[in-house]
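Quick notes on the structure that follows.
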There are 2 protein chains.
Amino acid sequence: MSAFCDDPPRPAVAADIVILCLREGALQVLLVRRGGDPFRGRWALPGGFLQEDEDLDACARREMEEETGVRPGRILQFANFSQPDRDPRGRVISVAYLALLRAEDVRLKASADAAEAAWRPLARTRNLAFDHDVILAAALARLSDEARADPAFLFPLLPPAFTLSRLQSVFELTTGRPVDKRNFRKLVEESGRIQPLEAFERGAHRPARLFAPA
Amino acid sequence: MSAFCDDPPRPAVAADIVILCLREGALQVLLVRRGGDPFRGRWALPGGFLQEDEDLDACARREMEEETGVRPGRILQFANFSQPDRDPRGRVISVAYLALLRAEDVRLKASADAAEAAWRPLARTRNLAFDHDVILAAALARLSDEARADPAFLFPLLPPAFTLSRLQSVFELTTGRPVDKRNFRKLVEESGRIQPLEAFERGAHRPARLFAPA
DNA sequence: GATGATAGTGTTGATTTTACACTTTCCACT
DNA sequence: AGTGGAAAGTGTAAAATCAACACTATCATC
């Protein structure tokens, strides 16, 4: 017997997570290949159902840790998806999250629902299961907004020490637009979000100063 | 028998709506007095459970129309509230919406759950049922952000034709900060979001030109 | 016709944003 | 050891935007 007078329908509620990293010079998204119907064999965003004793943020964090072994720094809830027919199994409300992390920190694991988990370059990511194409697109739009508002949002994609050129290239990847080197450096250096280190990255060229999040 | 392998918990999902209007020179929020337990007799935000055949936006619109008789123009989904213990009756996920409208358009109706519905000035609004104080505060913060980003967001609070002084006073109410008259007018007039009318509001003083949304 | 109250109107300085090009430093190669 | 290639690093000027600021105009009322 329900405690509610009008006995509301009770959808399942899931957190679906757009987990992005930087690999092979591009943004890649963590996808799982579905092991069961519906959409068997198709790629989907990782996610899982909200459990009794957790709120949505905790659910997203738990799912993410199950999937990647990584405890994420910040996760960003960015939209709900609630079309009645978005899941053929029945009513599922999806709360979408965005998380950024470093591919090197991740040991991919298959899980209950996922036959396989893999990083996929964004460019070749189409025809995901359910409405996950739409969720992914919304995540990327949000990522771009956040990066423009504060490039420090992108730090979790990078190692603890990074060069400004590297940060700039990630910024350009996420926003889709090239920016002027001097203006970008000025902006970031004056933002107080980074501190210069007495260390340099050496390569075939002039060594580049390393910076760390402030 | 569930279509899901892991038989997820099934919370109720509700849309709760912060409906604001302008009354007596202040922002007021539409509240309903709870007719049943829990929180019997306390004020709460209007809202209701997601039904089988509707998505969240449709749910919010339907609830709002039931409560006010007004079909809202834009509604803004701004946050989820999902603490496991936020409703003593059981698990309820609340999706919070913000809507603006004109008090004159509204015929308040009591509804199933609501013994009474009334506009309440924000200043005197405390100790709402559930976590609705928090939801309301989040709504006001979001309103302020939206208004600053684009004062046209506030148009639904105003009649179809309004003076710039009136728009400015609403802007100041929502953002909490006074702004310079000339700067504000310049900003709004150059935004292309309003058009001047050949009509004036007459009072005890110099007539003020009326404007309409572009 | 004087008073009171709101409408209406431009300019200036400060700040922020954008555009733009050359020198430095290291490695690798010869 | 000298040269060439490649990315690192650096400053300035013009443009656009934002912020501050005070007086005149017009109506209603008395």
Side-chain angles (χ1 to χ4, degrees), chain A residues 22 24-26 144-154 158-159 161-212, chain B residues 22 24-26 144-154 158-212 214:
Chain A
L22 212 51
E24 298 158 8
S144 175
D145 289 347
E146 294 287 335
R148 265 195 295 260
D150 182 3
F153 188 78
L154 302 173
L158 295 171
F162 49 83
T163 68
L164 290 187
S165 294
R166 191 131 188 76
L167 179 60
Q168 179 175 348
S169 86
V170 179
F171 182 86
E172 290 173 335
L173 280 174
T174 58
T175 63
R177 293 198 187 150
V179 293
D180 178 81
K181 180 161 56 158
R182 280 166 293 188
N183 293 341
F184 182 77
R185 295 166 93 93
K186 206 185 314 171
L187 184 75
V188 174
E189 287 181 295
E190 287 169 1
S191 73
R193 309 300 300 266
I194 59 172
Q195 50 182 327
L197 303 177
E198 286 306 322
F200 295 83
E201 184 177 85
R202 314 179 67 82
H205 314 295
R206 175 172 175 175
R209 179 176 293 275
L210 290 167
F211 291 80
Chain B
L22 212 51
E24 298 159 7
S144 176
D145 289 347
E146 295 287 335
R148 265 194 296 259
D150 182 3
F153 188 78
L154 302 173
L158 295 170
F162 50 83
T163 67
L164 290 186
S165 293
R166 191 130 188 79
L167 180 61
Q168 179 175 349
S169 87
V170 178
F171 182 86
E172 290 173 334
L173 280 174
T174 58
T175 62
R177 291 196 189 153
V179 292
D180 178 81
K181 180 163 53 160
R182 280 165 292 188
N183 292 341
F184 182 76
R185 295 167 93 94
K186 207 183 315 172
L187 184 74
V188 174
E189 287 181 294
E190 287 169 2
S191 73
R193 309 299 300 266
I194 58 172
Q195 49 181 327
L197 303 178
E198 287 307 324
F200 295 83
E201 185 178 85
R202 314 180 68 81
H205 315 294
R206 176 173 175 175
R209 181 176 292 275
L210 291 167
F211 292 80

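All values derive from a computational prediction rather than experimental measurement. Below, chains carry the letters A, B, ... as their sequence lines are ordered, and counting in each starts from 1.
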#### Entry: side-chain contact (heavy atoms from CB on, under 4.5 Å) involving A26(B) - partner list, sequence neighbours excluded
none
#### Entry: Spacing of CZ belonging to F200(A) relative to CZ belonging to R206(A), to within rounding of 0.5 Å
9.0 Å
### Query
In terms of side-chain geometry, is the basic nitrogen of E198(B) or R209(B) positioned less than 4.0 Å from the acidic oxygen of its partner?
yes
### Message
Once you apply a heavy-atom cut-off of 4.0 Å, does S165(A) come out as touching a base, just sugar-phosphate, or nothing?
### Response
sugar-phosphate
### Message
Could you tell me if the side chain of F184(B) sits less than 4.5 Å from the side chain of L164(B), heavy atoms only?
### Response
no
#### Entry: Residue whose nearest DNA chain C nucleotide is more 5′ - L187(A) or E189(B)
E189(B)
### Message
Does anything in residues 166-186 of chain B form a salt bridge (Lys or Arg N to Asp or Glu O under 4.0 Å)? List the pairs, not counting sequence neighbours.
### Response
none
### Task
Decide yes or no for L173(B) and L22(B): does some side-chain heavy atom of the first lie under 4.5 Å from some side-chain heavy atom of the second?
yes
### Query
Hey, where on DNA chain D does chain B first and last touch, going 5' to 3'? Cut-off is any atom under 4.0 Å from a heavy atom.
dA19(D) to dA28(D)
## Note on the structure
Rounding to 0.5 Å, atoms OG (S165(A)) and CD (E201(A)) come to a distance of 9.0 Å
### Summary
When rounded to whole Å, the CZ to C1' distance for the pair R166(B) and dA7(C) reads 15 Å
### Task
Tell me, please, which residues at least two apart from F153(B) pass ring pair (Phe, Tyr, Trp, His ring centres under 6.0 Å).
none
#### Entry: Spacing of CD belonging to Q195(B) relative to CG belonging to L210(B), to within rounding of 0.5 Å
12.0 Å
### Task
Kindly compute the distance separating OG1 (T174(B)) from CG (D145(B)), expressed to the nearest 0.5 Å.
10.5 Å
### Task
For DNA chain C, determine which residues of residues 195-211 of chain A have any heavy atom closer than 4.0 angstrom to one of its atoms, and list them numerically.
R202(A), G203(A), A204(A), H205(A), R206(A), P207(A)
### Message
At a heavy-atom distance below 4.0 Å, what parts of residues 174-186 of chain A sit against DNA chain C?
### Response
D180(A), R182(A), N183(A), K186(A)
